[in-house]
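It should be emphasised that the depicted structure is a prediction, and the values quoted were computed from it without experimental measurement. Below, all heavy atoms of this structure are taken into account, side chains as well, without hydrogens, waters or symmetry copies.
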Amino acid sequence: MESSTKTAQLKAAHALVSALEADNEELIQQQISLLSQAQESELFHEVGKLTRELHESLNSFNLDSRLVDLTENAMPNTRERLNYVITTTEDAAHKTLGYIDETLPLASSLKETAEKIDESWHRFRMREMNATEFRELSKDIEAYLPLVKQHSDQIHINLTDMMMAQGFQDLTGQVIRQVITLVEEVENNLVRLVKVSGKHLEHKKEDKIVDPIKAEGPQINAENNPNVVNNQDEVDDLLSSLGF
Amino acid sequence: MKILIVDDFSTMRRIIKNLLRELGFNNTVEADDGLTALPILQAGGIDFLVTDWNMPGMQGIDLLKAVRADAKLASLPVLMVTAETKREQIMVAAQAGVNGYVVKPFTAGTLKDKIDKIFERLDAK
């Protein structure tokens with residue numbers, strides 16, 4: 001109890017005793033009400049303090065539960081997402097390298113045969129070629145031209161597939177953005193935690209509204225989620241069930 | 001036939017642009033989200049819209065709704081090419097009037113198939 005309150009109460013108590021001795025009814029009532037008023041205001045003060053403490057504890061509890069959620073769910077989920085980035089980029093890199101491995105020999109074989117024919121053709125133009133050799137050259141050219149078309153077609157297909165394999169960047173980019181958002185949230189929570197421990201908590205209540213069609217980017221573990229389609233066929237089935 | 005490709009990732013825009021060129025569509029323009037796409041569409045001359053869903057600024061689903069709400073654009077064919085695979089999202093897109101829905105990662109064949117189907121249906125009308 002503060003000393004000024006104590007002095008006031010002591011003063012009121014003395015005055016009460018004096019009033020009782022003097023048998024002054026009016027003064028007695030006045031001093032009793034003064035004493036009880038002081039007690040009431042002390043009680044209100046205590047209740048106020050308790051309420052404030054409870055409020056702060058509840059707020060820091062809310063913060064703690066979000067932190068628990070972050071460590072229990074968001075962090076493992078983020079690990080999964082980052083692993084998804086690794087496997088997706090790895091897959092794309094292997095695919096691209098595979099197409100390059102397939103394509104280089106096609107280009108090389110075209111070049112080698114072209115060089116060989118070029119050399120023979122040069123000898124033919126210089127009249128250094130006999131009839132047997134010329135028949136051989138004609139056969140080579142006849143075999144080479146369809147091969148050029150065939151290999152060019154294959155190279156074209158491989159290059160298109162290589163281009164398609166670059167689509168990973170869009171998917172991994174989305175996942176990485178989500179991880180950045182999470183890191184920002186963890187940072188903000190840590191800042192708030194520091195503020196709470198310093199008793200300077202800002203009261204900020206955010207209502208969480210669940211949006212069922214909120215964009216989430218590529219689904220991780222889609223196989224285990226019945227609310228998610230796994231491939232284009234399932235999309236087509238769903239749309240045709242809707243009358244598309 | 002002028003096609004607008006909307007995706008926030010330039011690699012994906014490039015892939016779609018190249019695939020469309022392979023299919024014989026040489027006239028394409030690009031935008032990186034709904035907010036930049038809408039003025040291009042409103043300026044006129046776009047015959048076909050290919051859009052992603054998840055983009056900063058204005059998302060694809062909101063772009064689709066804005067297109068359908070605009071009297072001048074309401075009948076524009078819209079193909080959604082997206083990584084969003086929740087059943088609810090696909091249903092909402094269908095209700096909003098999407099003409100085709102392709103999920104990423106997709107193949108050249110799927111894109112061709114869906115574009116062909118959209119034009120078949122439009123021709124049948």
Interatomic distance, CD1@Ile90(B) vs CZ@Phe244(A), rounded to 0.5 Å, equals 11.0 Å
* Asked: Short question: side chain of Glu88(B), backbone of Ile213(A) - any donor-acceptor pair under 3.5 Å?
  -> no
Practice task
Could you tell me whether the side chain of Met164(A) reaches within less than 4.5 Å of the side chain of Thr107(B), counting heavy atoms only?
Solution key: no
The reported gap from CZ in Phe106(B) to CD in Gln232(A) (rounded to nearest 0.5 angstrom) is 10.0 Å
Applying a strict 4.5 Å limit to non-hydrogen atoms, the region of Lys117(B) in contact with chain A is neither
Answer key: most heavy-atom pairs under 4.5 Å with chain A among Ile61(B), Val98(B), Asp7(B), Asp52(B) is Val98(B)
Whatever's closer than 4.5 Å to a heavy atom in chain A on Met55(B) counts as neither
Please list every donor-acceptor pair under 3.5 Å in which a side-chain atom of residues 71-80 of chain B meets a protein atom from a residue at least two apart or in another chain.
none

Smallest heavy-atom separation, Lys214(A) atom then Lys86(B) atom, equals O-NZ, 3.8 Å
Distance col, row Tyr101(B):OH vs Asp236(A):CG, nearest 0.5 angstrom, shows 12.0 Å
Where the side chain of Arg87(B) meets the backbone of Pro226(A), is there a donor-acceptor pair that is under 3.5 Å apart? yes
When the 4.5 angstrom heavy-atom criterion is applied to Thr88(A) and chain B, the contacting part is neither
Taken to the nearest 0.5 Å, the spacing of Leu238(A) CG from Gln89(B) CD works out to 11.5 Å
With chain B, the option among Glu216(A), His156(A), Arg177(A), Gln166(A) that has the most non-hydrogen atom pairs under 4.5 Å is Glu216(A)
Ranked by heavy-atom pairs below 4.5 Å to chain B, first place among Asn225(A), Asn227(A), Asp161(A) goes to Asn227(A)
Glu84(B) and Gly217(A) have their tightest heavy-atom pair at OE2-N, 2.5 Å
Does this structure show an ion pair linking Arg14(B) with Asp170(A), if we count only N-O contacts that are shorter than 4.0 Å? no
Turns out that what part of Val92(B) lies under 4.5 Å from chain A's heavy atoms comes down to side chain
Under a 4.5 Å heavy-atom criterion, the part of residues 15-24 of chain B in contact with chain A comprises Ile15(B), Asn18(B), Leu19(B), Glu22(B)
Highest number of heavy-atom pairs under 4.5 Å with chain A among Asn54(B), Asn99(B), Asp8(B) belongs to Asn54(B)
